[in-house]
Amino acid sequence: MKDKRARVVRCIRTLPAGTVSSYGALAKAAGWPGAARQVVRILHQVPGLAWHRVVGSGGAIKLCGEQAAEQRFRLRMEGVTFRGARVDMKRHEFHFSKVKLARSR
DNA sequence: AGGGTGACGATCA
DNA sequence: ATGATCGCCACCC
């Protein structure tokens, strides 16, 4: 359904610079649990999203080669720190509020 | 309709 | 920590 997709997009858009979220957590936050792969697809389809703020569970960069480098670069540029090969989730993971998220109020 | 695929996730050896 | 496997779900041929 497209609602879910729109919701995912909205969630991604609410991610502040300097924070990250995981594909799975993001899907869940958007009310679409287990749709990590769909989130991936959306990131591919919808241009203009902060795709670099979405990482794998535990803060792992799931891309390969230059794409991975690009993502790390962009994140570090936003102030995100790493713990080894992964994002330091303890400090940067974004916790979506329970509240129905950002319907502009 | 059927089968393959993917910027995933959790689990197990 | 690494690699294999299975579950998941929408999209594409």
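Only this structure's heavy atoms are used, side chains among them; waters, hydrogens and symmetry mates stay out. Chain letters run A, B, ... following the sequence lines, proteins first, then strands; residues in each count from 1.
The shortest non-hydrogen separation linking A36(A) to Y23(A) is CB-CB, 3.9 Å. The minimum heavy-atom distance linking V39(A) with A27(A) is given by the pair CG2-CB, 3.7 Å.
Checked against dA7(B), dC11(C), dC8(B), the side chain of W51(A) finds its nearest nucleotide in dA7(B). In this structure, of dA10(C), dA7(B), dA10(B), it is dA10(B) that holds the atom nearest to the side chain of S57(A). Set against dA10(C), dA7(B), dC8(B), the side chain of A36(A) has dC8(B) as its closest nucleotide. Comparing atom distances between the Q45(A) side chain and each of dC11(C), dC8(B), dA10(C) picks out dC11(C) as nearest. Among the nucleotides dG9(B), dG6(B), dC11(C), the one closest to any side-chain atom of V40(A) is dG6(B).
As rounded to whole Å, 15 Å separates atom C1' of dC11(C) from atom NZ of K4(A). If you take CD of Q67(A) and P of dG6(B), they are 14 Å apart, rounded to a whole angstrom. Straight-line distance from the CG atom of L43(A) to the P atom of dC11(C): 14 Å, rounded to whole Å. In this structure, I42(A) places its CD1 atom 13 Å from C1' of dG6(B), rounding to the nearest Å. The nearest whole Å value for the distance from the NE2 atom in H44(A) to the P atom in dA10(C) is 17 Å. Atom CZ of R74(A) and atom P of dA7(B) are 17 Å apart (whole Å). Nucleotide dA7(B) holds its P atom 16 Å from the CG atom of L26(A), rounded to whole Å. As rounded to whole Å, 7 Å separates atom P of dC11(C) from atom CH2 of W32(A).
Nucleic acid contact class of R72(A) (heavy atoms, under 4.0 Å, all strands): none.
For R37(A) and R41(A), each mapped to the nucleotide of DNA chain C holding its nearest heavy atom, the one lying further toward the 5' end belongs to R37(A). Between Q38(A) and G24(A), the residue anchored closer to the 5' end of DNA chain B is Q38(A), taking for each the nucleotide with the nearest heavy atom.
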Pair up each side-chain donor or acceptor in residues 64-73 of chain A with any protein partner under 3.5 Å, not counting sequence neighbours, and list the distances.
from   : atom 1 : to     : atom 2 : distance (Å)
E70(A) : OE2    : R74(A) : NE     : 2.9
Q71(A) : NE2    : H52(A) : O      : 2.9
Q71(A) : NE2    : V54(A) : O      : 2.9

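In terms of modelled atom types and a separation under 3.5 Å, the side chain of R53(A) and the main chain of T19(A) share no donor-acceptor contact.
If you take CZ on R7(A) and CH2 on W32(A), they are separated by 9.0 Å, rounding to the nearest 0.5 Å.
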